[in-house]
Amino acid sequence: MFKGIHISNGLVAAPGRKNFAVTTIVAATLFAAGSIALAQGVSSGAVGSQPVVVHSASASSAAPMSLARAIDLALEGNADVAAATRQVEAAEGQVIQGRARPNPEFAYSLEDTRSKTRTQSWQLNLPIELGGKRAARTKAAERAREQAQAQLAEVKSTVRANVVAAYFDALTAQERLALAKDSAALAKSSTDTVAKRVAAGKVSPVEETKARVAEAGIRVELTQAASEERNALTRLYALLGRTTAAALQLEGEAESLPAVPDLAALQSLVASSPAIVVARVEVDRRRALTEVEQSKRVPDVTVSAGMQRSNETQRNMLLLGVSVPLQVFDRNQGNLLEALKLEDKARDELQATTVRLHSEVTQAHDRLSTIATEVQALRGDVLPGSKSAYDAATVGFENGKFNFLEVLDAQRTYFTAKSQYLKALAEAHRAAAEIDRLLGGPTPNAPTNQQN
């Protein structure tokens, strides 16, 4: 039987008639403690689950990625850029090796194995390169290093242009997805309106069937737009050196149109483009290799110095010698001919690359100019007219002046024009990125993200 409880202040409940009161107080105390613990547990659980919500909110409200940031991430994490960087580092090893001098040679010989008549020789041979072999070899290695650096610049230019094109492809894909969502919402609203009019007996049930068929087709287009948006983000993530694509918010406007630069200004930049630089450095490297082969026609001299010990005479003799190879049969004529022909080939490739780049720059400029004209026409005339016709048809349909087929035709015309407009914008950015890739960077008066 309960007699009392010890309280923290030292009071003890008395037995007897006060037991019920004490029991009541204790029960109230325990209930309050349990309520507090339950409240703390709920609060703890709520707080424990709060970081997940905050994390999700922070992930969704993360700072949008700008085009410059995407380019920086691609140059840092792209595998092609890393491989080209390793090639530059490897070419540095060729320069170090080219500057190295030939190693001396130590020779030992023994004549007669009998100790009384044995003769032993110790000799140090030092090769001396003549004909400027070391200088020619070093020059060829330096040209190879310059070529690796030019190829690295070309790879970076290609990655940069691909990122720009993929970035705006993702932007336009997101805009197309938003357009498809709006179209689906409008189709659903139109279907509901037609269903109400059919229920009221104002139109034939065939109109409702047509509306539902049109809505199903628009839902298919919505699925396709969502797939295109995911694929565009996946391509962009691959260029950034990542294997998984997560939700990404891009900074910028899909409707920004790159400016069309002057063709003469672009043609003047072809001479400094990465492909031309690589081809020109290849000509210099082949010329340096030709000089290396020409230097090999001069024979090297090997100087020898040593000592000979004869046990029979008990004397030490100094040995001095010089050896020169006689180039009677092998005068390196085959390697020299190959180097000369490869040098001529490099010059021909430089000429072909120059002609090709001028042609490709002209074609890319014409494509950009044509697409820019198309975008301006769609933006200035087609889109406003189709939007006005669609709005008028929608209002007329709600007021009973137009049938659903007219509304559907106007809606299809507007969204088709808007989709064509977005595709033209993406193509314009691809053409501008192609020009930047060919010329090695953003062209003058042609920013990649010029706002509308």
Side-chain angles (χ1 to χ4, degrees), residues 66-67 70-71 160-184 186 217-218 220-236 239 248 250-263 266 359-391 409-439 442-443 445-452:
S66 63
L67 177 58
I71 293 175
R160 185 185 300 109
N162 291 338
V163 169
V164 171
Y167 187 88
F168 282 101
D169 281 346
L171 278 178
T172 53
Q174 291 178 350
E175 288 293 332
R176 284 196 295 268
L177 178 60
L179 178 65
K181 290 180 178 179
D182 293 340
S183 179
L186 291 175
I218 292 176
V220 172
E221 294 179 357
L222 175 61
T223 304
Q224 295 175 351
S227 176
E228 291 178 1
E229 193 251 356
R230 290 193 300 269
N231 293 335
L233 289 178
T234 301
R235 290 192 297 269
L236 179 59
L239 291 172
L248 182 64
L250 302 180
E251 177 184 339
E253 294 291 337
E255 297 189 8
S256 62
L257 180 65
V260 181
D262 183 64
L263 180 59
L266 296 180
S359 175
E360 290 181 354
V361 167
T362 302
Q363 294 176 18
H365 177 270
D366 292 343
R367 186 165 64 253
L368 176 59
S369 178
T370 302
I371 296 173
T373 303
E374 178 184 355
V375 169
Q376 295 292 349
L378 290 171
R379 179 184 295 172
D381 299 329
V382 178
L383 282 179
S386 59
K387 183 65 168 59
S388 177
Y390 171 66
D391 293 339
D409 182 66
Q411 178 183 359
R412 178 67 61 182
T413 300
Y414 169 67
F415 284 107
T416 300
K418 189 64 179 293
S419 179
Q420 181 182 0
Y421 170 69
L422 292 175
K423 290 181 180 179
L425 283 173
E427 185 64 26
H429 286 290
R430 281 194 289 268
E434 178 67 13
I435 295 176
D436 295 343
R437 183 190 67 82
L438 294 174
L439 299 181
T443 56
N445 299 326
T448 57
N449 193 16
Q450 179 185 359
Q451 295 300 323
N452 192 9

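Numbering of residues begins at 1 and proceeds along the displayed sequence.
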Enquirer: Write down the atom of Leu383, the atom of Ala417, and the distance for their closest heavy-atom approach.
Expert: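 Taking Leu383 first and Ala417 second, the nearest heavy atoms are CD2-C, 3.8 Å.
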
Enquirer: Out of curiosity, Ile435 CD1 to Gln363 CD, how far, rounded to the nearest 0.5 Å?
Expert: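 Between Ile435 CD1 and Gln363 CD, I get 11.0 Å after rounding to 0.5 Å.
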
Enquirer: What's the spacing between Leu422 CG and Lys418 NZ if we round to 0.5 Å?
Expert: 6.0 Å

Enquirer: Taking the side chain from Ser227 and the backbone from Thr223, do they hold a donor-acceptor pair closer than 3.5 Å?
Expert: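 A pair under 3.5 Å: no.
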
Enquirer: Got a second to check how far Thr172's OG1 is from Arg430's CZ, nearest 0.5 Å?
Expert: 7.0 Å

Enquirer: Kindly check if the number of other-residue, nucleotide or ligand heavy atoms within 6.0 Å of CZ (Arg412) is above 12?
Expert: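 No, not enclosed.
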
Enquirer: Please determine whether side-chain contact (heavy atoms from CB on, under 4.5 Å) holds for the pair Arg379 and Leu425, giving the CA-CA distance in whole Å, both sets of side-chain angles, and the decisive distance to 0.1 Å.
Expert: CA-CA 11 Å; Arg379 179 184 295 172; Leu425 283 173; 4.1 Å; yes

Enquirer: Has the side chain of Ser369 got a donor or acceptor atom that lies under 3.5 Å from a matching backbone atom of His365?
Expert: no

Enquirer: For Asp409, is there any backbone N or O sitting under 3.5 Å from a side-chain donor or acceptor partner on Thr413?
Expert: yes

Enquirer: Using the ring of each side chain (for Trp, its six-membered ring), is Phe168 parallel, tilted or perpendicular to His429, with breaks at 30° and 60°?
Expert: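 The arrangement is parallel - the two ring planes meet at less than 30°.
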
Enquirer: Does a salt bridge link Glu374 with Lys423, judged by any charged N lying under 4.0 Å from a carboxylate O?
Expert: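 Here Glu374 does not pair with Lys423 in a salt bridge, since their nearest N and O are not under 4.0 Å apart.
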
Enquirer: What are the two closest non-hydrogen atoms of Ala433 and Ala161, and how far apart are they?
Expert: O-CB, 3.2 Å

Enquirer: Out of curiosity, Leu233 CG to Leu171 CG, how far, rounded to the nearest 0.5 Å?
Expert: 9.5 Å

Enquirer: When you measure from the side chain of Ser183 to the backbone N and O of Leu179, does any donor-acceptor pair fall under 3.5 Å?
Expert: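 No; judged by distance alone, with no hydrogens or angles, the pair does not exist.
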
Enquirer: Between Ala410 and Ala389, which heavy-atom pair has the shortest distance, and what is it?
Expert: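 Minimum heavy-atom separation between Ala410 and Ala389: CB-O, 4.1 Å.
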
Enquirer: Is there a donor in the side chain of Gln420 and an acceptor in the side chain of Thr416, or the other way round, less than 3.5 Å apart?
Expert: no

Enquirer: Quick check for you: to the nearest 0.5 Å, what is the distance between Glu221 atom CD and Arg176 atom CZ?
Expert: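 Between atom CD of Glu221 and atom CZ of Arg176 there are 12.0 Å.
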
Enquirer: Do Glu427 and Arg367 touch side chain to side chain, with heavy atoms closer than 4.5 Å?
Expert: yes

Enquirer: Within a strict 4.5 Å, meaning less than it, do heavy atoms of the Leu257 and Gln376 side chains meet?
Expert: yes

Enquirer: Heavy atoms only: give me the nearest Ile371-Ala424 pair and the separation to one decimal.
Expert: CG2-O, 3.1 Å

Enquirer: Answer yes or no: is there a side-chain heavy-atom contact under 4.5 Å between Leu67 and Glu251?
Expert: no

Enquirer: How many angstroms lie between CG in Asp182 and CD1 in Ile218, if you round to the nearest 0.5 Å?
Expert: 11.0 Å

Enquirer: Should Leu368 and Glu434 be marked as a side-chain contact (heavy atoms from CB on, under 4.5 Å) after you check the CA-CA gap, both sets of side-chain angles, and the distance that decides it?
Expert: CA-CA 10 Å; Leu368 176 59; Glu434 178 67 13; over 6 Å; no

Enquirer: For Thr362 versus Leu263, what's the shortest heavy-atom pair and its separation?
Expert: CA-CD1, 4.1 Å

